[in-house]
Amino acid sequence: MSASDHSANPVPISFEFFPPNTPVGDEKLRDVVKQLGALNPEFFSVTYGAGGSTREKTLNTVTAIAAAGFEAAPHLSCVGSTRDGLAEILATYRAQNIHRLVALRGDMPSGTHMAGDFRFAADLVRYVRETQGADWHIEVAAYPEYHPEQRYAARDLNHYVDKVNAGANSAITQFFFNPDAYFHFVAETRKLGALAPVVPGIMPFHNYAKIAQFAQRDGIEIPRWVALKMEGFMDDTASIRAFGIDVVTELCERLIAGGAPGLHFYTMNQAPLTAEICKRLAG
Ligand code: FAD
């Protein structure tokens, strides 16, 4: 099977990494790419530190993935960046034949502020579309439980629609554990005319405490029946792992049955849980 043949998967899958900080991390990621590459992903995406803090590392990771024969999609955030700085990064990607991008606003670390040429992700999408043309595949972020800064759901939905109208091809969601939130988001944004595919972002339970912390920070619901059971396992890592795989696999199955066009896994640069869930989904 070739790298682009994902026929064994019930829907196309993709995997997200963050750029490693050390040579050991690079080495480990090469191995993870090999393991997850065997599952025939459509692409691997690589995150980007807002304000350009991981600029070189994101580029190096993307280059390594492309060199291993896979499609790579760098993330790019616009907060604190200038038009010229972004143009330079886009030119570097174009020179490497990379035409897929996850376009974001990003968040500056708290307490820092850098003036930039763009305020919102929609501005970046418009800029990339205008300067790079139609052959780029632009992904944007979607929030089934709404963006944590946004007080009014309707406004957040409209701002999502702005990104699609600015030229996004498809969206990847923030992680969530409540499939109804996803189905509602898709139905509402379709009613508003945004028909781009919305791919659920899936977070395996790599580390329950950390994920619960992210969820709390970003306003993501962990169902009570999942939270209490996880907490009750205490330090029984085998039970946490087994239950987490069951919960996330069932979530994926419900999403696929309800029409999700693909699945994007937040791998945390680790293969085993994601691989196990994908294998179960492939039956
Ligand atoms: P936007 O779509 O611009 O929205 C941000 C907020 O502004 C929302 O509350 C929205 O409602 C509001 N808004 C939008 N337009 C307007 C307007 N015209 N007027 C008023 N308000 C408006 N962060 C990183 O730093 N690096 C990454 O690599 C990265 N990857 C991510 C990948 C995915 C799939 C997801 C879901 C998130 C990722 N993030 C990343 C996090 C993201 O940068 C943050 O969630 C950030 O706070 C918002 O980015 P956005 O692109 O969704 O912003």
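Whatever order the structure lists them in is the order used to number ligands and atoms, beginning at 1.
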Visitor: Taking distance alone, with no angle check, do E149 and ligand 1 share an N/O pair under 3.5 Å?
Guide: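 No - when backbone and side-chain N and O of E149 are compared with those of ligand 1, no distance drops under 3.5 Å.
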Visitor: Mind checking whether Y48 has an N or O less than 3.5 Å away from an N or O of ligand 1?
Guide: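 Y48 vs ligand 1: N/O contact under 3.5 Å present.
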Visitor: When you measure from atom 23 (N) of ligand 1 to every protein heavy atom, which one gives the shortest distance, and what is it?
Guide: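 Scanning the protein heavy atoms, the shortest distance from atom 23 (N) of ligand 1 goes to G106 CA, 4.2 Å.
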Visitor: Charged N to carboxylate O below 4.0 Å: is that the case for D123 and R126?
Guide: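 So D123 pairs with R126 through a salt bridge.
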Visitor: What atoms in ligand 1 come closer than 4.0 Å to a heavy atom of Q174?
Guide: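 In order of number, 36 (C).
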Visitor: Hey, which atoms in ligand 1 end up nearer than 4.0 Å to a heavy atom of T47?
Guide: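 Matching atoms, with element in brackets: 28 (O).
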Visitor: What verdict does the side-chain contact (heavy atoms from CB on, under 4.5 Å) test give for L251 and Y182, after you've listed the backbone C-alpha separation in whole Å, the side-chain angles of each residue and the deciding distance to 0.1 Å?
Guide: CA-CA 11 Å; L251 171 67; Y182 169 80; over 6 Å; no
Visitor: If we count only non-hydrogen protein atoms and require a distance under 4.0 Å, does atom 52 (O) of ligand 1 qualify as touching the protein?
Guide: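 Yes, there is one.
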Visitor: Looking only at N/O atoms, are H75 and ligand 1 under 3.5 Å apart anywhere?
Guide: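 Such a contact does occur with ligand 1.
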Visitor: Checking a contact table here: which protein heavy atom is nearest atom 21 (N) of ligand 1, and how many Å away?
Guide: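 Nearest neighbour among protein heavy atoms for atom 21 (N) of ligand 1, to 0.1 Å: H159 CE1, 3.2 Å.
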Visitor: Among F214, Y208, W225, F205, find the one that has a ring-ring contact (aromatic ring centres under 6.0 Å, His included) with F177.
Guide: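 Of F214, Y208, W225, F205, ring-ring contact (aromatic ring centres under 6.0 Å, His included) with F177 is met by F205 alone.
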Visitor: Any idea which heavy atoms bring Y48 and T58 closest together, and the distance?
Guide: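 Heavy atoms only, the tightest pair is CA-OG1, 3.7 Å.
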Visitor: Should you measure from each heavy atom of I172, which atoms of ligand 1 turn up under 4.0 Å away?
Guide: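 Reading through ligand 1 atom by atom, the close ones are 34 (C).
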Visitor: Looking only at side chains, do S14 and H264 share a donor and an acceptor under 3.5 Å apart?
Guide: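 A donor-acceptor contact under 3.5 Å links the two side chains.
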Visitor: I'd like to know whether ligand 1 has Y143 as a neighbour, heavy-atom separation below 4.0 Å.
Guide: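 Distance cut 4.0 Å: Y143 passes for ligand 1.
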Visitor: For atom 44 (C) of ligand 1, what's the nearest protein heavy atom and its distance?
Guide: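 Its nearest protein heavy-atom neighbour is D107 OD2, 3.3 Å.
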Visitor: Using a strict cut-off of less than 4.0 Å between a Lys/Arg side-chain nitrogen and an Asp/Glu carboxylate oxygen, indicate whether K191 and E188 qualify as a salt bridge.
Guide: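 A salt bridge is present here (some side-chain N lies under 4.0 Å from a carboxylate O).
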Visitor: Relative to atom 18 (N) of ligand 1, which among F120, F118, Y266 owns the nearest non-hydrogen atom?
Guide: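 Looking at heavy atoms only, F120 sits closest to atom 18 (N) of ligand 1.
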Visitor: Of all the heavy atoms in R155, does at least one lie under 4.0 Å from an atom in ligand 1?
Guide: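 No, R155 has no heavy atoms under 4.0 Å from ligand 1.
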Visitor: For atom 10 (C) of ligand 1, what's the nearest protein heavy atom and its distance?
Guide: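 For atom 10 (C) of ligand 1, the nearest protein heavy atom is D156 OD1, 3.4 Å.
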Visitor: Within the structure provided, determine whether N269 and V32 are in side-chain contact (heavy-atom separation under 4.5 Å).
Guide: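 Counting from C-beta outward, N269 and V32 never come under 4.5 Å.
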Visitor: Report the nearest protein non-hydrogen atom to atom 5 (C) of ligand 1: residue, atom name, distance rounded to 0.1 Å.
Guide: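 Here the nearest protein heavy atom works out to R105 NH1, 3.7 Å.
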Visitor: So which atom in L59 and which in Q96 form the shortest heavy-atom distance, rounded to 0.1 Å?
Guide: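 Looks like CD1-NE2, 3.7 Å.
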Visitor: Closest approach of N9 and L39, non-hydrogen atoms and distance?
Guide: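 Closest approach of N9 to L39, heavy atoms only: ND2-O, 2.9 Å.
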Visitor: Locate the shortest heavy-atom distance separating A66 from A72; write the atom from each residue and the value.
Guide: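 The pair with the smallest heavy-atom distance is N-CB, 4.5 Å.
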Visitor: Heavy-atom distances under 4.0 Å are what count here, so tell me which part of K163 touches ligand 1: side chain, backbone, both or neither.
Guide: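 Looking at K163 and ligand 1, just side chain atoms fall under 4.0 Å.
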Visitor: How far is atom 39 (N) of ligand 1 from the closest protein heavy atom, and which atom is that?
Guide: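 Result for atom 39 (N) of ligand 1: L104 CD2, 3.9 Å.
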Visitor: Would you tell me which option among S53, S45, A121 has the nearest heavy-atom contact to atom 3 (O) of ligand 1?
Guide: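 Shortest heavy-atom distance from atom 3 (O) of ligand 1: A121.
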Visitor: Which protein non-hydrogen atom lies closest to atom 8 (C) of ligand 1, naming both residue and atom, and how far is it?
Guide: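 It is H147 ND1, 3.3 Å.
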Visitor: Would you indicate whether the side-chain heavy atoms of I202 and I277 approach each other to under 4.5 Å?
Guide: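 They are not in side-chain contact.
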Visitor: Can you pull out the closest protein heavy atom to atom 36 (C) of ligand 1? Residue, atom name and distance to 0.1 Å, please.
Guide: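 Of the protein heavy atoms, A141 CB, 3.5 Å lies nearest.
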Visitor: Between R280 and D246, does any side-chain N to carboxylate O distance fall below 4.0 Å?
Guide: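 Yes, R280 and D246 are salt-bridged.
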Visitor: With a 3.5 Å cut-off and no angle check, do the side chains of R94 and Q132 form a donor-acceptor pair?
Guide: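 Looking only at side-chain atoms, Q132 and R94 do form a donor-acceptor pair, the distance falling under 3.5 Å.
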Visitor: Under 4.0 Å from a heavy atom of A50: which atoms of ligand 1 are those, numbered in the order shown and with their elements?
Guide: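 With A50 as reference, the close atoms of ligand 1 come out as 25 (O).
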